[in-house]
There are 2 protein chains.
Amino acid sequence: MRIAEVAERSGLTVSAIRYYEKSGLCPPISRGPDGKRQFNATDLDWLTLLSSLRETGMTLSDMRAFATLYRGGDETIPERKSALLKHRDSLAIRQAQLDRRHDILNRKLKKYQEIIGESP
Amino acid sequence: MRIAEVAERSGLTVSAIRYYEKSGLCPPISRGPDGKRQFNATDLDWLTLLSSLRETGMTLSDMRAFATLYRGGDETIPERKSALLKHRDSLAIRQAQLDRRHDILNRKLKKYQEIIGESP
DNA sequence: TACCGACCTCGAGCAGCTTTAGGTCAAGCC
DNA sequence: GGCTTGACCTAAAGCTGCTCGAGGTCGGTA
């Protein structure tokens, strides 16, 4: 699979994928005879998970820790699970915060509405 | 009002407030005889709104544009309203995205659960 | 009087990419 | 065959939005 396709499917950008590889977030991707990266399904899955973690606010350094666990094989699953649980909690907090901020925006919009007096 | 109090109430950090003033996101805050910033209620309101916009993903440059409109007085309210509407839409999209990512995390957790076989 | 805590400025540092410059290679067209 | 196009490559600099550290000024208090 070409890098452009992986980018589209994982939700990362091409640059971000290269950056992630360079900084050790994913194992070195195998190369074709022309030096181009050739991704397999496992690479795609991993990058998609990384994309989810990143988009939900995990830092690269936490992701690196998670990647290290991953390389440790199945016996690190309980640790990985608790890392994800912790992250899911912080995501829930963040989502609640966004909801509140959303409300504030709505109230502000309502005020503007009252001032200019058009239909919503 | 002291800067520490404004920080706590608005949700910004002390450094961020100073940074926002320096980069023209809020009008110059009045100073006491000792050179310290003295915030009034209007300053607090504005910074709280900025905080909401920022936390929901608006860029500083968009916030600057919004601040410029604000300085233009009441006749810019329709423009401000449409800016906020647009931003609220993009926030909703972002929230939906987060929900999907949240689901992905949950599925991954479920898999781990099945592998290690404990109670959820 | 000497220290503490809260503020100040300015400049450097940091995360997490993105952009740019300069290059390789295969495929498609004339 | 030669030329262009487009997708990829690397390394390095640039960007955003702060944060942190150094070094300094106050007012209050033991």
Side-chain angles (χ1 to χ4, degrees), chain A residues 1-40 43-44 46-67 87 90 94 97-98 101, chain B residues 1-40 43-44 46-67 87 90 94 97-98 101:
Chain A
M1 214 180 295
R2 292 169 307 103
I3 195 169
E5 193 180 345
V6 175
E8 197 178 343
R9 293 222 225 166
S10 67
L12 295 167
T13 65
V14 168
S15 321
I17 294 172
R18 292 202 268 248
Y19 176 73
Y20 282 11
E21 185 190 7
K22 196 161 58 177
S23 44
L25 277 169
C26 59
I29 305 297
S30 68
R31 304 295 183 114
D34 50 0
K36 297 188 178 175
R37 291 174 183 82
Q38 280 179 336
F39 297 79
N40 59 34
D43 296 331
L44 174 60
W46 178 246
L47 286 167
T48 305
L49 178 57
L50 287 187
S51 179
S52 287
L53 293 176
R54 190 65 199 89
E55 278 216 52
T56 51
M58 187 179 278
T59 63
L60 290 205
S61 101
D62 284 356
M63 281 163 62
R64 245 182 301 268
F66 191 77
H87 179 61
S90 71
R94 173 99 186 100
Q97 213 175 69
L98 278 187
R101 298 301 195 169
Chain B
M1 212 180 294
R2 291 169 308 104
I3 195 168
E5 192 180 346
V6 175
E8 197 178 343
R9 293 223 227 165
S10 66
L12 295 167
T13 64
V14 168
S15 319
I17 294 170
R18 292 202 268 251
Y19 176 73
Y20 281 12
E21 186 191 7
K22 197 161 57 177
S23 44
L25 277 169
C26 59
I29 305 297
S30 67
R31 305 293 184 115
D34 50 0
K36 297 187 177 176
R37 291 174 183 83
Q38 281 179 336
F39 298 79
N40 59 34
D43 296 330
L44 175 60
W46 178 244
L47 287 167
T48 306
L49 178 57
L50 287 187
S51 179
S52 287
L53 293 177
R54 189 67 198 86
E55 278 216 51
T56 50
M58 188 180 277
T59 63
L60 290 205
S61 103
D62 283 356
M63 283 163 61
R64 244 182 301 269
F66 190 76
H87 179 60
S90 70
R94 173 98 185 100
Q97 215 175 67
L98 279 187
R101 298 302 194 169

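Order of the sequence lines fixes the chain letters, A, B, ..., with proteins taken first and strands second; residue numbering starts at 1 for each chain.
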Between A:Y20 and C:dG16, is there a side-chain N or O to OP1/OP2 distance below 4.0 Å?
no

If the cut-off is 4.0 Å, is B:R18 near the phosphate of C:dC10, judged by side-chain N/O to OP1 or OP2?
no

How close or far is atom P of C:dC25 from atom CD of A:Q38, stated in whole angstroms?
16 Å

Of the listed nucleotides D:dC8, C:dT18, D:dG17, the one nearest the side chain of A:A4:
D:dC8

Is the phosphate of D:dT16, meaning OP1 or OP2, less than 4.0 Å from a side-chain N or O of B:T59?
no

OP1 or OP2 of D:dT19 under 4.0 Å from side-chain N/O of B:T13
yes

What integer distance in Å separates A:L53:CG from C:dA15:P?
19 Å

Presence of B:R37 side-chain N/O under 4.0 Å of C:dC7 phosphate oxygens OP1/OP2:
no

For the pair made of CE in B:M1 and C1' in C:dA6, what is the distance, rounded to whole Å?
17 Å

Is any side-chain nitrogen or oxygen of B:R2 closer than 4.0 Å to OP1 or OP2 of C:dA6?
no

Applying side-chain contact (heavy atoms from CB on, under 4.5 Å) to A:T13 and not counting sequence neighbours gives A:S15, A:A16

So CG of A:L50 and OG of A:S10: to nearest 0.5 Å the spacing works out to 9.0 Å

To the side chain of B:L60, which of D:dG17, D:dA7, C:dC7 is closest?
D:dG17

Under a 4.0 Å threshold between the charged nitrogen and the carboxylate oxygen, would B:R2 count as salt-bridged to B:E8?
no

I'd like to check the side-chain contact (heavy atoms from CB on, under 4.5 Å) partners of A:R18; sequence neighbours left out, ordered by chain and number.
A:I3, A:V14, A:R37

Between A:V14 and B:E21, whichever has its closest DNA chain C nucleotide further toward 5' is B:E21

Hey, which sits more toward the 5' end of DNA chain C by its nearest nucleotide, A:S61 or A:D34?
A:S61

Does B:R31 put a side-chain nitrogen or oxygen below 4.0 Å from OP1 or OP2 of C:dT9?
yes

Could you tell me the separation between the CE atom of A:M63 and the P atom of C:dA15, rounded to a whole number of Å?
14 Å

Quick one, A:F66 and A:H87 - any side-chain contact, counting heavy atoms below 4.5 Å?
no

Using whole Å, report how far CZ of A:R54 lies from C1' of C:dT18.
14 Å

Using a cut-off of 4.0 Å on non-hydrogen atoms, how would the nucleic acid contact of B:S23 be classed: base, sugar-phosphate, or nothing?
nothing

Please give, in whole Å, the distance from D:dT10 P to A:Y19 OH?
16 Å

A:L50 CG to C:dG16 P, in whole Å, measures 13 Å

d(CD1, A:I29; C1', D:dT10) in whole Å
16 Å

